[in-house]
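Data block below; observations after.
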Amino acid sequence: MTKQVIGIDLGGTGIKLGRFTANGNCLQSLSVDTPQPATPEAVLSAIVDAIAQIDPNHETIAIGLGTPGPADAAGRVAKVAINLVGWDNVPLADWLEAKTGKPTILANDANCAGLGEAWLGAGRNFPNLILLTLGTGVGGAIILDGKLFVGHQGAAAELGLITLNPDGPMCNSGNQGSLEQYTSIAAIRRRTGKEPAELGNLAKIGDAKALTFWQEYGRDLGRGLTSLLYVLTPQAIIIGGGVSASFQFFLPALQAEIEKRVLPTSRAGLQILPAALGNAAGMVGAAKLAFTMLTMEN
(Lines give C-alpha, C1' and ligand atoms only; values in the text may rest on other atoms or scores of the structure.)
Protein backbone atom coordinates (compact mmCIF):
# COMPACT_ATOMS: atom_id res chain seq x y z
CA MET A 1 0.00 0.00 0.00
CA THR A 2 1.21 3.49 -0.85
CA LYS A 3 2.56 5.57 2.05
CA GLN A 4 0.17 8.18 3.44
CA VAL A 5 0.70 11.14 5.78
CA ILE A 6 -1.43 13.86 7.32
CA GLY A 7 -0.71 17.54 6.61
CA ILE A 8 -2.21 20.05 9.06
CA ASP A 9 -2.44 23.84 8.76
CA LEU A 10 -3.21 25.38 12.15
CA GLY A 11 -4.66 28.89 11.95
CA GLY A 12 -6.21 31.37 14.37
CA THR A 13 -9.76 30.63 13.19
CA GLY A 14 -9.54 27.28 11.40
CA ILE A 15 -7.57 24.02 11.22
CA LYS A 16 -7.18 22.39 7.80
CA LEU A 17 -6.16 18.74 7.49
CA GLY A 18 -5.43 16.56 4.47
CA ARG A 19 -4.46 12.90 3.97
CA PHE A 20 -1.83 12.68 1.21
CA THR A 21 0.08 10.08 -0.78
CA ALA A 22 3.76 10.55 -1.68
CA ASN A 23 2.90 11.78 -5.21
CA GLY A 24 0.81 14.63 -3.75
CA ASN A 25 -2.61 13.09 -4.20
CA CYS A 26 -5.00 14.36 -1.50
CA LEU A 27 -7.26 11.43 -0.59
CA GLN A 28 -9.40 13.35 1.89
CA SER A 29 -9.46 16.80 3.49
CA LEU A 30 -11.27 18.37 6.40
CA SER A 31 -11.60 21.80 8.00
CA VAL A 32 -12.58 22.35 11.62
CA ASP A 33 -12.90 25.54 13.68
CA THR A 34 -9.99 26.43 15.93
CA PRO A 35 -11.33 26.22 19.51
CA GLN A 36 -11.79 29.57 21.27
CA PRO A 37 -9.92 30.36 23.41
CA ALA A 38 -7.23 28.56 21.43
CA THR A 39 -5.19 27.25 24.35
CA PRO A 40 -2.56 24.58 23.52
CA GLU A 41 -4.59 21.84 25.27
CA ALA A 42 -7.84 22.77 23.47
CA VAL A 43 -6.07 22.90 20.09
CA LEU A 44 -4.37 19.53 20.71
CA SER A 45 -7.71 17.95 21.53
CA ALA A 46 -9.35 19.41 18.38
CA ILE A 47 -6.48 18.19 16.18
CA VAL A 48 -6.57 14.65 17.66
CA ASP A 49 -10.37 14.47 17.08
CA ALA A 50 -9.96 15.71 13.49
CA ILE A 51 -7.18 13.17 12.79
CA ALA A 52 -9.53 10.40 13.95
CA GLN A 53 -12.11 11.60 11.42
CA ILE A 54 -9.71 11.86 8.49
CA ASP A 55 -7.81 8.64 9.25
CA PRO A 56 -10.30 6.27 10.92
CA ASN A 57 -8.40 3.16 9.78
CA HIS A 58 -4.95 4.39 10.90
CA GLU A 59 -3.49 4.25 7.39
CA THR A 60 -1.17 7.25 7.79
CA ILE A 61 2.38 6.90 9.10
CA ALA A 62 3.40 10.49 9.94
CA ILE A 63 2.08 13.99 10.63
CA GLY A 64 3.36 17.38 9.43
CA LEU A 65 1.92 20.53 10.99
CA GLY A 66 2.22 24.24 10.16
CA THR A 67 1.93 26.65 13.09
CA PRO A 68 1.20 30.41 12.93
CA GLY A 69 4.58 31.39 14.35
CA PRO A 70 8.15 30.09 14.61
CA ALA A 71 9.00 26.47 15.45
CA ASP A 72 12.39 25.35 16.72
CA ALA A 73 14.99 24.14 14.21
CA ALA A 74 14.25 20.47 15.00
CA GLY A 75 10.53 20.94 14.25
CA ARG A 76 9.43 19.83 17.73
CA VAL A 77 8.35 22.97 19.61
CA ALA A 78 5.93 25.77 18.70
CA LYS A 79 7.87 28.68 20.19
CA VAL A 80 5.07 31.24 19.91
CA ALA A 81 1.82 31.14 17.96
CA ILE A 82 0.36 34.36 16.63
CA ASN A 83 -3.36 34.86 17.52
CA LEU A 84 -3.43 31.75 19.76
CA VAL A 85 -3.81 32.09 23.54
CA GLY A 86 -1.09 30.95 25.96
CA TRP A 87 1.38 29.52 23.45
CA ASP A 88 4.94 29.66 24.73
CA ASN A 89 7.40 26.88 23.82
CA VAL A 90 4.64 24.27 23.39
CA PRO A 91 6.10 20.79 22.67
CA LEU A 92 3.31 20.08 20.19
CA ALA A 93 5.17 17.37 18.23
CA ASP A 94 5.76 15.36 21.44
CA TRP A 95 2.13 15.80 22.48
CA LEU A 96 0.77 14.66 19.10
CA GLU A 97 3.13 11.67 18.97
CA ALA A 98 1.97 10.62 22.45
CA LYS A 99 -1.70 10.87 21.41
CA THR A 100 -1.45 9.33 17.91
CA GLY A 101 1.67 7.14 17.92
CA LYS A 102 2.76 8.79 14.67
CA PRO A 103 6.08 10.65 14.17
CA THR A 104 5.30 14.38 13.94
CA ILE A 105 7.17 17.46 12.71
CA LEU A 106 6.31 21.18 12.93
CA ALA A 107 7.21 24.22 10.84
CA ASN A 108 6.14 27.84 10.55
CA ASP A 109 3.01 28.17 8.37
CA ALA A 110 4.72 30.37 5.76
CA ASN A 111 7.48 27.76 5.46
CA CYS A 112 4.81 25.12 4.92
CA ALA A 113 3.15 27.27 2.24
CA GLY A 114 6.56 27.60 0.53
CA LEU A 115 7.09 23.84 0.63
CA GLY A 116 3.58 23.30 -0.75
CA GLU A 117 4.10 25.68 -3.68
CA ALA A 118 7.52 24.11 -4.35
CA TRP A 119 6.07 20.59 -4.34
CA LEU A 120 2.74 20.91 -6.17
CA GLY A 121 2.23 24.58 -6.94
CA ALA A 122 3.72 27.49 -8.88
CA GLY A 123 7.27 26.65 -7.75
CA ARG A 124 7.41 23.00 -8.78
CA ASN A 125 9.93 23.62 -11.60
CA PHE A 126 12.32 25.71 -9.49
CA PRO A 127 14.75 24.20 -6.95
CA ASN A 128 15.60 27.74 -5.75
CA LEU A 129 12.73 30.05 -4.88
CA ILE A 130 11.34 32.64 -2.49
CA LEU A 131 7.71 32.59 -1.40
CA LEU A 132 6.23 35.83 -0.08
CA THR A 133 2.80 35.74 1.57
CA LEU A 134 1.09 39.14 1.51
CA GLY A 135 -1.68 38.94 4.10
CA THR A 136 -2.49 40.25 7.58
CA GLY A 137 1.28 40.28 7.99
CA VAL A 138 3.97 39.47 5.44
CA GLY A 139 5.55 36.03 5.75
CA GLY A 140 8.06 34.20 3.67
CA ALA A 141 9.83 30.98 2.86
CA ILE A 142 13.14 30.23 1.19
CA ILE A 143 13.75 27.02 -0.76
CA LEU A 144 17.41 26.38 -1.70
CA ASP A 145 18.37 23.36 -3.81
CA GLY A 146 14.89 21.96 -3.22
CA LYS A 147 15.20 22.15 0.57
CA LEU A 148 13.53 24.47 3.06
CA PHE A 149 16.02 26.92 4.58
CA VAL A 150 15.21 27.58 8.26
CA GLY A 151 18.52 28.88 9.63
CA HIS A 152 20.36 27.59 12.68
CA GLN A 153 17.56 28.35 15.18
CA GLY A 154 14.63 27.66 12.86
CA ALA A 155 13.60 31.33 12.52
CA ALA A 156 14.99 32.19 9.07
CA ALA A 157 12.97 33.71 6.21
CA GLU A 158 11.09 36.41 8.14
CA LEU A 159 11.05 38.24 4.82
CA GLY A 160 8.41 40.77 5.85
CA LEU A 161 10.62 42.12 8.63
CA ILE A 162 13.55 43.32 6.49
CA THR A 163 14.04 47.10 6.46
CA LEU A 164 12.50 49.04 3.59
CA ASN A 165 12.55 52.56 5.08
CA PRO A 166 14.63 53.13 8.24
CA ASP A 167 12.40 56.06 9.21
CA GLY A 168 9.08 54.36 8.46
CA PRO A 169 6.25 53.19 10.76
CA MET A 170 7.08 51.07 13.81
CA CYS A 171 6.76 47.31 13.39
CA ASN A 172 5.79 44.77 16.11
CA SER A 173 9.22 43.21 15.58
CA GLY A 174 10.90 46.34 16.94
CA ASN A 175 12.11 47.24 13.45
CA GLN A 176 11.03 50.49 11.83
CA GLY A 177 9.74 50.73 8.27
CA SER A 178 9.85 46.99 7.62
CA LEU A 179 8.54 45.62 4.31
CA GLU A 180 5.42 44.45 6.19
CA GLN A 181 4.64 48.07 7.14
CA TYR A 182 4.19 48.89 3.44
CA THR A 183 2.78 45.71 1.89
CA SER A 184 0.52 43.93 4.44
CA ILE A 185 -3.29 44.20 4.48
CA ALA A 186 -3.01 46.44 7.58
CA ALA A 187 -0.54 48.69 5.74
CA ILE A 188 -2.86 48.97 2.72
CA ARG A 189 -5.75 49.97 5.02
CA ARG A 190 -3.53 52.55 6.72
CA ARG A 191 -2.32 53.97 3.40
CA THR A 192 -5.66 54.10 1.59
CA GLY A 193 -8.52 53.61 4.06
CA LYS A 194 -9.70 50.77 1.82
CA GLU A 195 -9.56 46.96 1.76
CA PRO A 196 -7.22 45.30 -0.78
CA ALA A 197 -10.19 43.56 -2.48
CA GLU A 198 -11.96 46.91 -2.91
CA LEU A 199 -8.81 48.44 -4.46
CA GLY A 200 -8.55 45.41 -6.75
CA ASN A 201 -12.14 45.82 -7.92
CA LEU A 202 -11.60 49.55 -8.51
CA ALA A 203 -8.46 48.81 -10.54
CA LYS A 204 -10.44 46.34 -12.67
CA ILE A 205 -12.81 49.11 -13.77
CA GLY A 206 -9.91 51.46 -14.47
CA ASP A 207 -10.11 53.69 -11.39
CA ALA A 208 -7.08 55.99 -11.71
CA LYS A 209 -6.42 56.33 -7.94
CA ALA A 210 -6.53 52.57 -7.40
CA LEU A 211 -4.24 51.92 -10.39
CA THR A 212 -1.79 54.50 -9.06
CA PHE A 213 -1.87 52.89 -5.61
CA TRP A 214 -1.04 49.45 -7.05
CA GLN A 215 1.85 50.97 -9.00
CA GLU A 216 3.23 52.45 -5.78
CA TYR A 217 2.64 49.13 -4.02
CA GLY A 218 4.55 47.22 -6.71
CA ARG A 219 7.40 49.70 -6.49
CA ASP A 220 7.66 49.26 -2.68
CA LEU A 221 7.55 45.49 -3.02
CA GLY A 222 10.25 45.59 -5.70
CA ARG A 223 12.50 47.67 -3.47
CA GLY A 224 12.09 45.17 -0.65
CA LEU A 225 12.80 42.20 -2.91
CA THR A 226 15.96 43.82 -4.32
CA SER A 227 18.00 42.94 -1.21
CA LEU A 228 16.72 39.37 -1.21
CA LEU A 229 17.58 38.90 -4.89
CA TYR A 230 21.16 40.04 -4.38
CA VAL A 231 21.59 37.62 -1.47
CA LEU A 232 19.68 34.55 -2.75
CA THR A 233 19.48 34.87 -6.59
CA PRO A 234 16.38 32.63 -6.76
CA GLN A 235 14.95 31.27 -10.01
CA ALA A 236 11.44 32.30 -8.97
CA ILE A 237 9.55 34.58 -6.60
CA ILE A 238 6.12 33.18 -5.77
CA ILE A 239 3.61 35.71 -4.40
CA GLY A 240 0.76 34.41 -2.24
CA GLY A 241 -1.61 35.66 0.47
CA GLY A 242 -4.81 37.67 0.12
CA VAL A 243 -3.19 40.70 -1.55
CA SER A 244 -1.91 38.49 -4.41
CA ALA A 245 -5.46 38.64 -5.87
CA SER A 246 -4.34 41.99 -7.36
CA PHE A 247 -1.06 40.54 -8.70
CA GLN A 248 -1.79 41.72 -12.27
CA PHE A 249 -2.02 45.37 -11.12
CA PHE A 250 1.23 45.54 -9.15
CA LEU A 251 3.39 43.13 -11.21
CA PRO A 252 4.50 45.65 -13.92
CA ALA A 253 5.79 48.19 -11.34
CA LEU A 254 7.37 45.36 -9.31
CA GLN A 255 9.23 44.05 -12.37
CA ALA A 256 10.32 47.52 -13.45
CA GLU A 257 11.76 48.27 -10.00
CA ILE A 258 13.69 44.99 -9.93
CA GLU A 259 15.05 45.55 -13.45
CA LYS A 260 16.17 49.04 -12.45
CA ARG A 261 17.85 48.04 -9.17
CA VAL A 262 19.17 44.48 -9.64
CA LEU A 263 22.11 43.58 -11.85
CA PRO A 264 21.17 41.22 -14.70
CA THR A 265 23.58 38.60 -13.30
CA SER A 266 21.55 38.46 -10.05
CA ARG A 267 18.16 38.11 -11.77
CA ALA A 268 18.95 36.01 -14.85
CA GLY A 269 15.83 34.13 -15.91
CA LEU A 270 13.91 35.25 -12.82
CA GLN A 271 10.20 34.36 -12.86
CA ILE A 272 7.69 36.27 -10.70
CA LEU A 273 4.54 34.18 -10.35
CA PRO A 274 1.30 34.16 -8.36
CA ALA A 275 0.94 31.27 -5.91
CA ALA A 276 -1.17 28.41 -7.28
CA LEU A 277 -2.49 26.50 -4.27
CA GLY A 278 -4.45 29.23 -2.47
CA ASN A 279 -5.51 28.35 1.08
CA ALA A 280 -4.41 24.72 0.64
CA ALA A 281 -0.68 25.58 0.38
CA GLY A 282 0.01 25.26 4.12
CA MET A 283 -1.69 21.87 4.41
CA VAL A 284 0.06 20.56 1.29
CA GLY A 285 3.44 21.79 2.54
CA ALA A 286 2.89 20.25 5.97
CA ALA A 287 2.34 16.89 4.25
CA LYS A 288 5.56 17.37 2.27
CA LEU A 289 7.33 18.15 5.55
CA ALA A 290 6.15 14.79 6.95
CA PHE A 291 7.37 12.90 3.86
CA THR A 292 10.75 14.70 4.06
CA MET A 293 11.08 13.68 7.72
CA LEU A 294 10.39 10.03 6.82
CA THR A 295 13.01 10.12 4.06
CA MET A 296 15.63 11.54 6.46
CA GLU A 297 14.86 8.89 9.08
CA ASN A 298 15.33 6.01 6.63
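FYI, side chains are in, hydrogens and waters are out, and symmetry mates aren't considered; it's all heavy atoms of this structure.
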From [atom1] ([X]) to [atom2] ([Y]), nearest 0.5 Å:
{"X": "Asn108", "Y": "Lys79", "atom1": "CG", "atom2": "NZ", "value": "11.0 Å"}
{"X": "Thr104", "Y": "Asp94", "atom1": "OG1", "atom2": "CG", "value": "9.0 Å"}
{"X": "Ile6", "Y": "Thr100", "atom1": "CD1", "atom2": "OG1", "value": "7.5 Å"}
{"X": "Leu273", "Y": "Ile239", "atom1": "CG", "atom2": "CD1", "value": "9.0 Å"}
{"X": "Gln4", "Y": "Gln28", "atom1": "CD", "atom2": "CD", "value": "10.0 Å"}
{"X": "Leu294", "Y": "Ile61", "atom1": "CG", "atom2": "CD1", "value": "4.5 Å"}

(request) Verify the distance criterion only: is there a donor paired with an acceptor across the side chains of Ser173 and Asn175 at less than 3.5 Å? (result) no
Would you say that [X] contacts [Y] through its side chain, given a criterion of any heavy-atom pair below 4.5 Å between the two side chains?
{"X": "Tyr230", "Y": "Leu263", "value": "yes"}
{"X": "Leu179", "Y": "Leu161", "value": "no"}
{"X": "Gln271", "Y": "Ile237", "value": "no"}

Tell me if a side-chain donor or acceptor on [X] pairs with a main-chain N or O of [Y] at a distance below 3.5 Å.
{"X": "Thr163", "Y": "Asn165", "result": "no"}
{"X": "Ser244", "Y": "Gly241", "result": "yes"}
{"X": "Arg124", "Y": "Gly121", "result": "yes"}
{"X": "Trp95", "Y": "Glu41", "result": "no"}
{"X": "Arg19", "Y": "Ile54", "result": "yes"}
{"X": "Trp87", "Y": "Ala38", "result": "yes"}
{"X": "Thr192", "Y": "Ile188", "result": "yes"}
{"X": "Tyr182", "Y": "Leu221", "result": "no"}
{"X": "Thr212", "Y": "Ala208", "result": "yes"}

(request) Fit a plane to each ring of Trp119 and Phe20, take the angle between them on a 0 to 90° scale, and name the class: parallel (under 30°), tilted (30 to 60°) or perpendicular (over 60°). (result) tilted
Looking at [X] and [Y], does any basic side-chain N land under 4.0 Å from a carboxylate oxygen?
{"X": "Lys102", "Y": "Asp55", "value": "yes"}
{"X": "Asp109", "Y": "Lys16", "value": "no"}
{"X": "Glu259", "Y": "Arg267", "value": "no"}
{"X": "Arg223", "Y": "Glu257", "value": "yes"}

(request) Indicate the atoms forming the closest heavy-atom contact of Gly116 with Val284, along with that distance. (result) CA-CG1, 3.8 Å
(request) Work out which heavy atom in Glu180 is nearest to a heavy atom in Ala187; give both atom names and the distance. (result) O-CB, 3.7 Å
(request) Identify, with sequence neighbours excluded, every residue that meets ring-ring contact (aromatic ring centres under 6.0 Å, His included) alongside Phe247. (result) Phe250
